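This structure is a prediction, so every number in the text was calculated from the model and none was measured. Just so you know, ligand 1 is whichever comes first in the structure, and atom 1 is the first atom listed for that ligand.
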Amino acid sequence: MNFPVTRMRRLRRTEAMRSLVRETHLTPGAMIYPLFICPGEGVRREIGSMPGCFNLSIDEAAKEAEACAALGIGGLLLFGLPAEKDEQGTGAWADDGIVQTALRELKKNRKLDSLVMMADVCLCEYTSHGHCGVVARDGDHYEIENDSSVALLAKTAASLAKAGADVIAPSDMMDGRVAAIRAALDAGGHEMTPVLSYASKFSSAFYGPFREAADSAPQFGDRRSYQMDGANLREAMREIELDLAEGADMLLMKPAMPYLDVIRAARERFDVPMGAYQVSGEFSMLHAAFERGWLEPERAMMESLVSIRRAGADFIVTYFAKDAAKVLG
Ligand code: PBG
């Protein structure tokens with residue numbers, strides 16, 4: 001069976017042959033594009049650290065969404081930049097909140113029916129302190145309170161479902177939030193709205209550019225008391241188990257490229273639909289190299305996405321969704 005009988009290169013000779021034996025495929029429908037919605041009209045403000053990504057007012061977001069639908073992209077993940085922030089993050093669950101208003105508008109547009117509208121659930125874009133939950137201060141010391149945060153997140157989820165979100169995606173990493181969100185959705189008559197839990201979300205330096213995009217950098221401290229330590233794979237499996245037990249319908253793994261082993265481990269262990277989030281820093285570092293001419297943009301982009309699918313993700317949340325869909329034709 002060894003050389004010269006076996007020659008691996010026989011099946012690599014032409015693109016037709018390579019295509020025939022290709023194991024992993026990307027499709028536009030398995031990609032989700034994040035949108036950052038801001039107040040105003042006609043606003044299309046490029047995010048400095050994320051070339052080609054914008055803060056968009058609702059009218060501009062609708063145009064962007066139509067472009068995504070035309071490209072066959074699977075869905076959108078909506079984030080909001082509220083006009084005002086406060087200590088509690090009240091903008092997150094306001095019925096006339098920025099994402100709620102955007103959802104009502106987008107859901108009216110029949111050209112967008114092919115897009116799954118996902119709403120991120122977190123408080124960090126809405127709180128003046130930029131943390132994902134309620135901050136309890138005691139002199140110099142502060143804690144991010146778990147249970148009071150969960151109550152607010154559940155309220156937020158219910159209001160987003162009411163506004164028309166197809167999927168509720170909590171990214172806060174508080175304990176017990178999936179169960180509370182499930183209960184709040186059911187109580188609001190949204191028992192058919194699925195929860196995509198960011199079950200395995202690591203405290204990562206790769207979220208840096210997002211915090212510019214969503215204006216959500218913590219004003220003090222960091223997120224290490226709620227997001228996971230990047231060194232821990234077993235803990236990620238426990239987080240997933242707990243979220244599934246609490247009623248999560250799908251999983252989101254995050255970040256993607258530095259955590260491909262965690263995605264693979266989750267794929268082998270859990271038979272539920274699973275996405276991975278190729279986060280802002282993954283996008284920005286590739287772009288920085290593209291701009292310097294250090295990497296070939298199209299090839300590097302597609303290779304990064306295929307690697308995430310090969311690791312086991314069914315779908316990918318990625319800022320490359322539009323560019324990749326164009327390549328896929
Ligand atoms: C909100 C949230 C963050 C991201 C998604 N949801 C930021 C964070 O946790 O600090 C990051 C996404 C990205 O970097 O693209 N909690």
ILVMFWY network linking V43 to I58, side-chain heavy atoms under 4.5 angstrom:
no
When you measure from the heavy atoms of Y277 to every atom of ligand 1, does any distance fall below 4.0 Å?
yes
Does ligand 1 have an atom under 4.0 Å from some heavy atom of Q227?
yes
Ring-ring centroid check Y33 F320, cutoff 6.0 Å:
no
Evaluate side-chain contact (heavy atoms from CB on, under 4.5 Å) for V262 paired with M253, printing each intermediate quantity in order.
CA-CA 8 Å; V262 185; M253 313 294 287; 3.7 Å; yes
Which residue and atom name correspond to the protein heavy atom nearest atom 12 (C) of ligand 1, and how close is it?
F210 CD1, 3.3 Å
Under 4.0 Å from any heavy atom of R211, which atoms of ligand 1 are there?
8 (C), 10 (O)
Could you tell me, atom by atom, which parts of ligand 1 come under 4.0 Å of a heavy atom of C124?
1 (C), 16 (N)
Within 4.0 Å of some non-hydrogen atom of S171, the atoms of ligand 1 are 1 (C), 2 (C), 6 (N), 16 (N)
Under 4.0 Å from a heavy atom of D120: give me the atoms of ligand 1 that qualify, with their elements.
6 (N)
As an exercise, identify every atom of ligand 1 less than 4.0 angstrom from a heavy atom of C132.
16 (N)
Which segment of F79 sits under 4.0 Å of ligand 1 when only heavy atoms are counted:
side chain
min-distance protein heavy atom vs atom 6 (N) of ligand 1 -> K254 NZ, 3.2 Å
R223: numbered ligand 1 atoms lying under 4.0 Å from its heavy atoms:
8 (C), 9 (O), 10 (O)
Can you pull out the closest protein heavy atom to atom 14 (O) of ligand 1? Residue, atom name and distance to 0.1 Å, please.
S280 OG, 2.7 Å
Test of understanding: given a 4.0 Å heavy-atom threshold, classify the contact between D172 and ligand 1 as side chain, backbone, both, or neither.
neither
Result block: side-chain N/O donor-acceptor pairs under 3.5 angstrom for residues 287-304, not counting sequence neighbours:
{"unit_1": "S304", "atom_1": "OG", "unit_2": "Q278", "atom_2": "NE2", "d": "3.0"}
{"unit_1": "S304", "atom_1": "OG", "unit_2": "M301", "atom_2": "O", "d": "2.7"}

of all protein heavy atoms, closest to atom 9 (O) of ligand 1 is K201 NZ, 2.7 Å
Determine whether the aromatic ring centres of residues Y142 and H131 are separated by less than 6.0 angstrom.
yes
Take every heavy atom of M173, measure it against each atom of ligand 1, and state whether any distance is under 4.0 Å.
no
Count I, L, V, M, F, W, Y as connected when their side-chain heavy atoms are under 4.5 Å apart, and connections chain through other members. Are L242 and M250 then in the same cluster?
no
